[in-house]
Every structure is written in C-alpha cells, then in structure tokens.
Amino acid sequence: MASNRPVRVRFAPSPTGMLHIGGARTALFNWAFARSCGGKFILRIEDTDTARNTPESLQSILDSLRWLGLDWDEGPDCGGDFGSYYQSERLPSYQAAIARGLQEDWLYRCFASAEEIEVQRTLAREAKCNWRFDEASRNLNQADAAARAAAGDPFVLRFRMPMAEDITFQDHIRGTVTFASQGIEDWVAVRGNAMPTYNLVCALDDAAMEISHVIRGEEHLVNTPKQILIFRALGVPEPEFAHVPLILGKDGKKLSKRTGDTALGDYIRAGYAADALFNFLCLLGFSIDDKTEIFTREELLEAFTLKRISKSGAIFDTDKLAWMCGDYIRRMSLPELVSAVLPYCIEAGLVAQDASADEALQNMVGAFQERFHLYSEFPQQAAGLFGALPDWDDQARKALAGEGAALATSQLADILEKANWPPEDFKALVVTVAEDLEVGLGKVMKPVRAALTGTLGGPELERILQILGRERVLRRLRELPTAARS
RNA sequence: GGCCCCAUCGUCUAGUCUGGCCUAGGACACCAGGUUUUCAUCCUGACAACAGGGGUUCGAAUCCCCUUGGGGUCACCA
C-alpha cells in the first residue's frame, strides 16, 4: 500500500447540480491531504452525462469550492500537464483503452437487449441469486461478435469479471476490504451509443492522471473492485483508496433535500461564515485531538492525516454549525465583519452600496457582533435602528401599551433634551424618571428600549443612543409610544 | 433480499490499531445558577454513552465470535 509515487489527488464532481455538502467535504479532505504532504490537488469534471450537464452547475461548483478557500493545481480553469480536465474532451483517449480491452478480451460485446437483460435479472432474483452476465454474449467468440457488430447488431461493451476471485484492497479508513467477483455482474463499460460509463472513465482517468490516492465518499466503496480490475487489466499501479464516511441528515440517512439544505450554495446564501463552515466540515468525521474544536487552516494542515478520519457516518448538526459561526463572527475584526455583513444589509435595503466606510454602520455591527450567528441575521436584528421608525414586535407593543409607558418615555425625553448630549450617565437619568414616577426601573427601561429599538432585546441602551443620535432618540421616545399602540 | 461498511452521551467526537493511566475526556444542544436594565456574550454547575450476549485475559470501551441495530449499493447516473 505504501507506494512512493508523488501524491496526486483529485476531486471529480459532475456538473449536474449544485455542490453538495458531502462533496464539499470530500473536496476539503482531498485538498487538506494534498496540502499537508506537498502533493497536487486536481479538479476533474466528470461530464459524460451530456443530458444532465449544465454550465451553470459547473460555475457554481467552482464558485463554491473557491468560497470554501480551496485551490487546485490542475483543473478545467487553470489547465495542467494531464489535461483535458473535462472528461467530455478526453473521449479520444478512452478509445484506445476500449480497443485494447476488446483486443485483450476483458471487454466483450453484449448483444442482449435491455429488455432481455431485465428478464434474466428477474429470473435470477426468483432463483435467489445475482444476475451476472448474458451467457450467450459472454461466450461468443471474438470473430463472431465482431461480425455481428459489423452487420449492425446493437451492443454494449461489458467488462469480463473473473468467474471466482476475491478482489481485496487496503483502504486507509476501512482497512482491508474484500469483494468476491461472483457478487459483481459484468457491468456495462461502454453504452450502446459508444459513450463509456463512469466506472471505466474514472479508472482510466485516475490512471492517466497518475492519481496516487483516491479519497471519496463511502458510496463509492462498491465501485472500487470494478475500478481496480481496470487498473490491473491496464497493468498500471493501483491508487491507494480512502473512503470517507457519509454525511447524514437528521434522519440518519444520507443527507438529502428532504432533511434540509444540501447544497453548499444554500449555506453561502444563508450567510454562514466561510471559515466556520470550513472548520465545521472538517470536524464531521475528522478530529485533531480530544479537545480542539476551532482551528485555522494552517493548524489543520499541520495535523491532517487520513488515519484520523473516522469510519462512521456523521449527522449534520446545524445547531453546532450555528454556534461555530457565531464564534467565528465574535473573533472577527470589525472592518472584516462589516464587509461580510454589508451585502446582506444592501439586499435588505438598509444601506447604500458604498456604506462599508460608514461610521454608523460600523457602530451598529459592533453593537450586535456577539448577538448573531449568520451574516443575514444582522440586518434582521438591527433593522429597527435604520429607518425613521422601527417595526415593533409584539412584546415591544405590549411594553409600550403598558400603564405609564408613554409617560415614562416622554418624561425621559424631556430630561434628555435638557441634558448634555450624549448624556454622561444615562442610567442615572432613567433612575430619576423611575423614582419620580414611583415605579420600578423595569417599568421605564422596557418601554424606552421598546420605543427606541422596536424590540425588548439588544445592545446596551447607551450604544443605541449613540447610534441613533439625539434627534431620533427624542423623536422615537415621544412619537413611538403613541404610534405603536395604533 | 444479496453484497459491502459501520456501532462510545440526544448530536459531533477523544480513547480502539499498540488491552491496565477510563471512576470513559472535550464540544454543541438542553437544564439550573451567576454577571447583564434586557437580549446576547461570558463564568459556574447539572444531566447524559461504551447496543446485547458469549468468549480470550490477572485485567476488555479496546482483541475474537454471534446477535441486534443503522447505513451504503445493487442502471446503457455519476
């Protein structure tokens, strides 16, 4: 298993949709492995399914990978010595292998129609055994088969599996894995339309691109013996394998649309911090030690090893992800956070395009920094501080409708109007009002907060005062209590 | 169902390979306190797991077997 080949790993998405969370993590592990041992990380586009490919998918996959902070040494956009990195452009290179397979008889023409195969399958199932191949086709001699093909009989090319042979390989994560060839049918390697299938081209490309380690999702474990047989038929070195556990949804099954957002793009749009998602994805099935939760990319690369990837599937826990995002946000510098949050503010129509240097915005973000987990939550929470008047939530309305609320706020307004701005000791002023009205502090604080912000939670009122400015504070204290009740 | 993989708190995990240091550690969530005018943050504490059964051994979460449970996969998709 320990070959001395230069480390070359690849991530090979097919551009038929958005990048899946699981795919993102697979890419991440490949990247981390390459970067941690000085190897190359290659991006290969598996676009042999021409009917389902879309250019938008490809673009969004590349965007998602970049958003995560991954970079690659060879790929569709940057080229490399082993191109093309689009399988659709590598068709000629497959032809040689297919011809050789036919020549060497590890590929053979199968003339049984799909319907006939289906019948055979059903029969086999009834006999409680696996369908393995169409006997007539498998036993046809090469000359006769070639003749039939020349005569125009439709056929596919199947891989001739050994009759009885154990195919064993070492997996970096699973250990020794063995499949019996009896359990694997003579799979279709080339379709009736002459297009090669996944298992063939995947192995062919891994061989041609001199991939040293195949790190991919566990769902590919069952494909591995098929691909290994291709390497052996070709007489090229087999890559080492590492099958990473699946990411599961809340239901414990492979993460799917049913159980929540599955595309990385959904999380990007929702306002998760890239570094946090990166960190979190690493922790799904991998750990540095018994304590470390938050780490930098450098620390990851320092510690990364396939040995520390766990074997069992992990449920995608959005609660912990949200916590981690909040933690990253709290650690960010203010300018950094402002620019991260700005697009969401613009989208919410709260600020202008060029508001990043706006001092007021900086103050607001600072005031809310420890209060939100997703970038998109900031405009929601701070919305009340932007316009002329806030929207009051139910609790705020209740507070403003309370007995004495209007009196308290307007009295505070009167005091503020006469005091210096900003007041040296705001709390003392509030206490004065409370004593004057002979009510508890809360009877004043709550309506004031409600009047100023439209909600009962939030940053310290001193900061709110500073953010709103004298005029708006006075106006909100005087007008809102009445307006909110209507 | 066949084949393959997996199995520690509700969740992510450490510990498993190289049995003893495990009275099973950390984190998220939850709960209870404290700080805070509020919310959040922060601090303290509580709750909470080796799937079951057999072996092997002086000793098993760790090694072996069986059972059970979960997952993946069974296409001319990738």
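Throughout, protein chains are lettered first and strands after them, A, B, ... in sequence-line order, and every chain is numbered starting at 1.
Checking the phosphate oxygens (OP1, OP2) of U13(B), a side-chain nitrogen or oxygen of Ser310(A) falls inside 4.0 Å. In this structure, Thr16(A) does not reach the A78(B) phosphate: none of its side-chain N or O atoms is under 4.0 Å from OP1 or OP2. Distances shown here put a side-chain N or O of Arg308(A) below 4.0 Å from the OP1 or OP2 atom of G15(B).
Between C47(B) and A24(B), the two P atoms lie 12 Å apart (nearest whole Å). For G59(B) and C63(B), the C1' atoms lie 13 Å apart once the distance is rounded to whole Å. Comparing G26(B) with U18(B), their C1' atoms sit 23 Å apart, to the nearest whole Å. One C1' atom belongs to A51(B), the other to U62(B), and the distance between them is 16 Å to the nearest Å. G53(B) sits 23 Å from C58(B) when the C1' atoms are compared, rounded to a whole Å.
Using a 4.0 Å heavy-atom cutoff across all strands shown, Thr178(A) reaches sugar-phosphate atoms only and no base atom. Within 4.0 Å (heavy atoms only), Glu460(A) reaches at least one base atom of the nucleic acid.
Checking side-chain atoms of Asp393(A) against main-chain N and O of Thr455(A) turns up no donor-acceptor pair under 3.5 Å.
Contact annotation: side chain of Lys320(A) to base of A29(B), donor-acceptor pair absent below 3.5 Å.
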